[in-house]
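Here's the structure we're looking at; comments come further down.
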Number of protein chains: 2
Amino acid sequence: MGMGRPREFDAETALDQAMEVFWRHGYEGATIAQLTEAMGINPPSLYACFGNKEGLLKAALDRYTKLRNIWMDEVVAAPTARAVAERMLMGIADKQTDPANPPGCLLVQGGIACGTGSENVPFELAARRAQNEDQLRDRFVRAKAEGDLKESADPAALARYVSAVSVGMGVMASSGADREALRQVARVAVQAVEAQSSDRPQ
Amino acid sequence: MGMGRPREFDAETALDQAMEVFWRHGYEGATIAQLTEAMGINPPSLYACFGNKEGLLKAALDRYTKLRNIWMDEVVAAPTARAVAERMLMGIADKQTDPANPPGCLLVQGGIACGTGSENVPFELAARRAQNEDQLRDRFVRAKAEGDLKESADPAALARYVSAVSVGMGVMASSGADREALRQVARVAVQAVEAQSSDRPQ
DNA sequence: CCAGATATGTAGTGTTCACTACAGATGTGG
DNA sequence: CCACATCTGTAGTGAACACTACATATCTGG
C-alpha cells in the first residue's frame, strides 16, 4: 500500500496566509474563496488538510499562539513586575502596529461576537487570551513572593488588568491608532503596576 | 393627499430589540431573520423604516450612544480626574455585566473586523468610541488647568488610556468575566490616573 | 365615499456562502 | 507495470443570506 500523492503546498506557509485573512476580516468575515486564494490552493486541499473553516482557524491560532508564547517567555523574564508590564505593553504597541501584519491582534480581530453556528469561536479566542493572562499572573505571584510587589498587591487582578489593556490596545490599533498613540497608552498603564510595586530597591 | 397607513410598531422599541441582537451576535453575525423576529416585524417594514441592515445598525448605534452620552455627562461631572476615571471604569464594570443587556459593549461587540462589503462598520463603531474619548480628554484638559492633574500629565494620553481600558473590559465581559473581575481591573486602572494626579488636596 | 399615500404579510428573488463529488494526476509498495 | 492511496482542479451542491414585488390593508384629505 503506497503513501499517495504528496501535498504540493507547505502547510505552515499556507497557514500564515490564512492567519492574515482571519486577522484582517475576522472569522465570519473571511470567506473560503479569500482564504484559498491567499493560501494558493483550492478548496478540496483546504478541507483535506484542515477539516473545515473552524479547523483552519484553530490551526492558524495554534501557529499564532506558538509564536506569541515564545515572545511571552521573554516578557516574563524581565526582572520586575513593572519591567514585565512595560516590556509587554510597549512590545504590544509595536507588534500591533507592525506593517508586516494586519493591525491589532488575531486573538481579538478573529471574532469577539459571532453568529449562530460559530458561537464557540469567541470562546476559542478567549481561552487563548486566558493562557497569557495565566502566565502573567504566575509571574506576578512570584514578584509578590520576591517582595517586588507590595503585600497589598493582587497578582491575579494585575494580570487581568495588563491583559485587558492589551486587548484594548488591539482594538485601538485595528481602528487606526498609530504606534505612538499605543505607546502613550502603554506608558500610562505601566504606572498602575508601578503603584503596586514595592518601594525598596530592585 | 392622505398620510397613508400608520406604522403599527414603535420604532424605538423595535430598535431596542435590534440593538440587543447586534450586541449579542455582532453586525455580520446578526441575520435579518433574527432581527425581524426580535423586533416583531416583517422584512418590508424593516427596510421601509431603516433602509437596509447597515441603516438599522446606525439607528441602533444612535440610540445606544444617546443613552450612553447621558451617562457620560454624569461621569465627567465628577470633581477630579481620578474620580472621573473611577466613576467611569467602575460604572462600566457594572454596565457591562448587567444581566438586562448582553455582556460587553455594543460599540465593541458590534464588529471589530468585518468582511468585504461591511468594511465601514468598524469605522462607524470606532468613530463613536472616539466621541467618548474626546469628552474624556476635554475633561482631563480642564483637570490639568485646575491643577488637579500634574504639570507632566498628558490629558490626551490619559483619555486614550481610560478608553482603551474600557474597551478591554468590554471584551473580557463578553467572554465571560464576572462583575468582580471587571471591578478589579477598574480599581487597578484608576491607580495610573492617580499617579498623574497632583498631590495637593482636592 | 373616494383618491392618494403609506404600511403590512406572503412569498419569493438572485447571490453568496461553506462544503463536496468526481475524474485525473502523482506518489509508494510489490 | 500494477494495485492502492492520497492529492489536485473543475465544477458544482443545497442552504442561508440580504433584500424586494406585489397584493392587500389602513389611514388622511376632500
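Note that these values count all heavy atoms, side chains included, but never hydrogens, waters or copies made by symmetry. Proteins come first, then strands; the chains are lettered A, B, ... in the order of their sequence lines, and each starts at number 1.
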Could you give the [atom1]-to-[atom2] distance, from [X] to [N], as a whole number of Å?
X     : N      : atom1 : atom2 : result
A:L35 : C:dT16 : CG    : P     : 17 Å
A:Y47 : C:dC17 : OH    : P     : 12 Å
A:M3  : C:dT26 : CE    : C1'   : 12 Å
B:I32 : C:dG12 : CD1   : C1'   : 16 Å
B:F50 : D:dA18 : CZ    : P     : 16 Å
B:E37 : D:dA18 : CD    : C1'   : 17 Å
B:K53 : C:dT15 : NZ    : P     : 19 Å
A:E28 : C:dA18 : CD    : P     : 10 Å

Next on the checklist: side chain to side chain contact (heavy atoms under 4.5 Å, CB included), that's the test. Do B:E28 and B:S118 meet it? Break it down for me.
Outcome noted: CA-CA 8 Å; B:E28 290 190 312; B:S118 311; 3.8 Å; yes

Distances for protein N/O vs nucleotides 8-10 of chain D N/O pairs under 3.5 angstrom?
| from | atom 1 | to | atom 2 | distance (Å) |
| --- | --- | --- | --- | --- |
| D:dT8 | OP1 | A:E8 | N | 2.5 |
| D:dT8 | OP2 | A:S45 | OG | 3.0 |
| D:dG9 | OP2 | A:N42 | ND2 | 2.7 |
| D:dG9 | O5' | A:N42 | ND2 | 3.0 |

Next on the checklist: If only side-chain N and O atoms count, and only distance matters, is there a donor-acceptor pair under 3.5 Å linking A:Q184 with B:R160?
Outcome noted: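 Yes, side-chain donor-acceptor contact under 3.5 Å.
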
Item to check | Cation over ring face, A:R7 and A:F9, 6.0 Å, 45° | outcome: yes

